Amino acid sequence: SINQIMDLNVVSQSLTAIYSQELSWTDEFLRWSPQQFDGLQRVRIAKHLIWLPDINVFQRINWADVQSLEQVLTNPIVSHEGRVRAQEPRYLKSACTVNVRFFPFDAHHCKINIGSWTYKPYEVDVWPGAHANGNFSYMSNSEWELLSYTVRYQRGEEPIGEYSELEFDV
């Protein structure tokens, strides 16, 4: 979900925003019996110690930007069934066509597509979470007003194979 619009730049045709990425999956190698570990049901594990899916924003302009908020990443929570949940704040600068013809009464529409570069949908699939179609944690901005925000799931075929993605309309 989008947390805050930081900038909409006419010159660079870009949208800069902070958003939350919530991930969940099952890792069969991270299962244990709670009875063998004093009833331990779940644990937090440092992200560098486990497999993480490669979920990316395809319209990203500056790949270095995505690292800037990783230091506030909470460690993923792993349950004894191998269910992994991770939530990451991300700083993103993405391409967005900006038309100021009707300035100062202009409205802009940006598309942000998120998915895996590496895995096919049967390996890693993306789905909108509970908060994907809302602005539950959106922080208003004195310069920009978020008029609408929707997400839809898409699946398709390219020469290299199948893909799935989430398309956010902002």
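Bear in mind that the values here come from a model prediction, so they are computed numbers and not experimental data.
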Practice problem: Quick one: do Ile55 and Val124 satisfy side chain to side chain contact (heavy atoms under 4.5 Å, CB included)? Show the steps, please. | Solution: CA-CA 9 Å; Ile55 305 302; Val124 172; 4.0 Å; yes
Quiz item: With hydrophobic residues grouped by side-chain heavy-atom distances under 4.5 Å, do Ile50 and Ile77 end up in a single group?
Solution: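 No; tracing contacts between hydrophobic side chains, which count when under 4.5 Å, never links both residues.
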Quiz item: For the hydrophobic clusters of this structure (ILVMFWY residues joined by side-chain heavy atoms under 4.5 Å, transitively), does one cluster hold both Ile45 and Phe29?
Solution: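 Not linked; separate clusters.
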Pairwise distance [atom1]([X]) to [atom2]([Y]) - rounded to 0.5 angstrom:
X	Y	atom1	atom2	result
Arg155	Ser164	CZ	OG	6.0 Å
Leu30	Trp25	CG	CH2	9.0 Å
Ser116	Glu123	OG	CD	8.0 Å
Gln13	Cys110	CD	SG	9.5 Å
Leu15	Met6	CG	CE	11.0 Å

Quiz item: Between Glu158 and Tyr163, is any pair of side-chain heavy atoms under 4.5 Å apart?
Solution: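 When only atoms from C-beta onward are counted, Tyr163 and Glu158 do touch, with a gap below 4.5 Å.
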Self-check item: 4.5 Å side-chain heavy-atom contact, Leu23 and Pro53
Solution: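 The answer is yes, as the side chains (C-beta and beyond) meet within the 4.5 Å cut-off.
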Exercise. Could you walk me through whether Lys111 and Ser94 pass the side chain to side chain contact (heavy atoms under 4.5 Å, CB included) test, one step at a time?
Key: CA-CA 9 Å; Lys111 288 186 184 244; Ser94 61; over 6 Å; no
Quiz item: So, for Ser33 and Gln35, which heavy atoms are closest and what is the spacing to 0.1 Å?
Solution: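 It is OG-OE1, 2.7 Å.
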Exercise. Search all heavy atoms of Ser12 against all heavy atoms of Lys93 and return the closest pair with its distance.
Key: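 Result for this residue pair: OG-CE, 4.2 Å.
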Quiz item: Between Thr150 and Phe168, does a side chain to side chain contact (heavy atoms under 4.5 Å, CB included) hold up when you go through it step by step?
Solution: CA-CA 6 Å; Thr150 59; Phe168 291 82; over 6 Å; no
Quiz prompt | Under 3.5 Å: donor-acceptor pair, side chain of Asn75, backbone of Arg44 | solution =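 Judged by distance alone, no pair lies under 3.5 Å.
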Quiz item: For Ser79, does its backbone N or O pair with a side-chain atom of Trp32 as donor and acceptor, under 3.5 Å?
Solution: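 Side chain of Trp32 to backbone of Ser79, a donor-acceptor pair under 3.5 Å: no, none is there.
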Is a donor from one side chain sitting under 3.5 angstrom from an acceptor on the other, for [X] and [Y]?
X	Y	result
Gln87	Arg85	no
Tyr119	Asp125	no
Thr26	Arg83	yes

Practice problem: Go through the steps for Glu167 and Arg152 under the test salt bridge (Lys or Arg N to Asp or Glu O under 4.0 Å), then give the verdict. | Solution: CA-CA 5 Å; Glu167 180 179 87; Arg152 70 184 176 112; 3.2 Å; yes
Self-check item: Member of Ile112, Leu92, Ile5 meeting the side-chain contact (heavy atoms from CB on, under 4.5 Å) criterion with Tyr19
Solution: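 The side-chain contact (heavy atoms from CB on, under 4.5 Å) with Tyr19 is passed solely by Leu92 among Ile112, Leu92, Ile5.
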